[in-house]
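Owing to the predicted nature of the structure, the values given are computational and were not obtained by experimental measurement. Start at 1 and go down the list; that is how both ligands and their atoms are numbered. These values consider heavy atoms only, across backbone and side chains, with no hydrogens, waters or symmetry-generated copies.
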Amino acid sequence: MTIEELQNQIIELSEKLKKSEEKLNYQEEIFDTTLKESEIRFRLTFENVGAGMALIGLEGNPTLTNEVFQEILQYSNSELTEMTFAEFTHPEDVPQELKLFQKLLDNQIPFYKMEKRFIRKEGKEIWVDQSVSVARDPDTQKPLYAIAIVKDISEKKKALQDLVKSRKNLEQFAYIASHDLQEPLRTITSFTPLLQKKLLGVNEEADQYLTFITEASLRMKELINGLLDLSRINQTQKLESTNSEEVVNSVIKDLDTIIVKTSTQIITQNLPSLFTHKTQFRQLIQNLISNGIKFSKKGTPPIISIDVIKKGKYWQFSITDNGIGIEDKFKEKIFVIFQRLHSRQEYEGTGIGLAQCKKIVEIHGGDIWVESKINEGSTFYFTIPT
Ligand code: ADP
């Protein structure tokens, strides 16, 4: 190779080098702008997410918090970064959260969500709904930091507490009222027959009036007892393991006379064991089966089928009958105390059974509803946590 040729080659190579240097610089620039852009985007999301947000180090120490998070706790970002989560969490909520945080870091759960109490800078308790997830190194899967999203739910909690309180007051009122009403009623029911006896053969009209009074007082007694029973349904009973098949069978045994009289057929399938307030659960099953028998079509023997399926965290029971059915517009109303759709001459009753069912299901943390077709039958559904 001549010197000239060598020179040319060097020139060519140095031009290539220059070009690739330029290309590299350009790529670096693009990388920088992309990084800047994504950082801006992250900041914007972080600040405008509409909830409190904090990045948390693996020791439980916030490394970055947004304004809403600072407002919720009334600490500044720099104050918060000097603290750990446990320091501004209510002491009673710390153990549960530490367990969950550890599970999250150990990759046993993908995230956790909890309602908990924060303690504000001035010492005031505040309820929040908090979700925490974790960012991991894409290659090693090692946790890098956690992300907490927090919503202030103090007002919702307060409203709920007020509701529970007024419900308790109402229950207490219903209990006292119905309990106290029994005494004067007892006087009426014991003196009316005595008066009737005295007037026997003397005044027929008065005798008939007294019969009406006796009937009305008996009915009032029934209603008062129902109200008392309803106000007694509460969570004070312990949850116990309950074999629902056994409960259903024992209810069927108790209802034997009416079942035979009405030629009722009861079909059950796959009834599980679950945790219930047992006496009340039994009452629920009994009310629904009794209604299925009572509200049957004239001339059609009742067929009642009881099924259970698992739906997420709940057992969903269904009690289906082939009875008279319920109009759509009454589907909610029937669960309200004393609400009945028929006269007592058509179907006996007090209108307390389904109110009882609703309360029983609610204290178990479940739900109750009905689906029905007039003249074809009804299915009452209720759920109980597994
Ligand atoms: P009661 O049975 O004492 O009337 P409930 O509270 O048990 O009171 O029921 C309220 C009303 O709902 C009943 O009066 C009836 O009109 C309607 N109902 C309840 N169960 C059924 C059913 N299986 N089929 C049709 N109607 C029903």
Query raised in the report: For ligand 1, is there an atom lying under 4.0 Å from some heavy atom of F380?
Result: yes
Query raised in the report: For atom 23 (N) of ligand 1, what is the nearest protein heavy atom, given as residue, atom name and distance?
Result: D321 OD2, 2.8 Å
Query - Passing candidate, side-chain hydrogen bond (donor to acceptor under 3.5 Å, both in side chains) with R282, options T242, T276, D254 - result: D254
Query raised in the report: Is there a path of hydrophobic side-chain contacts, each under 4.5 Å between heavy atoms of I, L, V, M, F, W or Y residues, that connects I303 with I293?
Result: no
Requested in this report: Give the residue, atom name and distance (to 0.1 Å) of the protein heavy atom nearest atom 2 (O) of ligand 1.
Outcome: K294 NZ, 2.9 Å
Query raised in the report: Could K310 and W315 be counted as a cation-pi pair, given that NZ or CZ must be under 6.0 Å from the ring centre and within 45° of the axis?
Result: yes
Query raised in the report: How far is atom 21 (C) of ligand 1 from its nearest protein heavy atom, and which residue and atom name does that atom have?
Result: F295 CD1, 3.5 Å
Requested in this report: Inspect the contact between D256 and K253 and indicate whether a charged nitrogen and a carboxylate oxygen are less than 4.0 angstrom apart.
Outcome: no
Report task. Verify the ring-centre separation between Y381 and F317: is it less than 6.0 angstrom? Result -> no
Requested in this report: Output yes when E183 and R186 qualify as a salt bridge under the 4.0 Å nitrogen-oxygen rule, no when they do not.
Outcome: yes
Query raised in the report: Is there a heavy atom of T350 sitting under 4.0 angstrom from any atom of ligand 1?
Result: yes
Requested in this report: Look at atom 26 (N) of ligand 1 and say which protein heavy atom is nearest, naming residue and atom and giving the distance to 0.1 Å.
Outcome: I326 CG1, 3.3 Å
Report task. Apply side chain to side chain contact (heavy atoms under 4.5 Å, CB included) to the pair I324 and N375, showing each step before the final yes or no. Result -> CA-CA 5 Å; I324 57 170; N375 261 325; 5.5 Å; no
Query raised in the report: Salt bridge between E115 and K151, side-chain N to carboxylate O under 4.0 Å?
Result: no
Report task. State if G323 counts as touching ligand 1 under the rule of any non-hydrogen atom under 4.0 Å. Result -> no
Report task. Say whether Q356 and ligand 1 are in contact under the criterion: heavy-atom distance to a ligand atom below 4.0 Å. Result -> no
Requested in this report: Identify the protein heavy atom lying closest to atom 12 (O) of ligand 1, giving its residue, its atom name and the separation to 0.1 Å.
Outcome: I334 CG2, 3.2 Å
Query raised in the report: Looking at ligand 1, does any of its N/O atoms fall within less than 3.5 Å of an N/O of G351?
Result: yes
Query raised in the report: What protein heavy atom is closest to atom 6 (O) of ligand 1, reported as residue, atom name and distance in Å?
Result: L354 N, 2.8 Å
Report task. Among all protein heavy atoms, pick the one closest to atom 10 (C) of ligand 1 and tell me residue, atom and distance. Result -> Q339 O, 3.4 Å
Query raised in the report: Which residue holds the protein heavy atom closest to atom 7 (O) of ligand 1, what is that atom called, and what is the gap in Å?
Result: N291 ND2, 2.8 Å
Query raised in the report: Around atom NZ of K311, are there more than 12 heavy atoms of other residues, nucleotides or ligands at under 6.0 Å?
Result: no
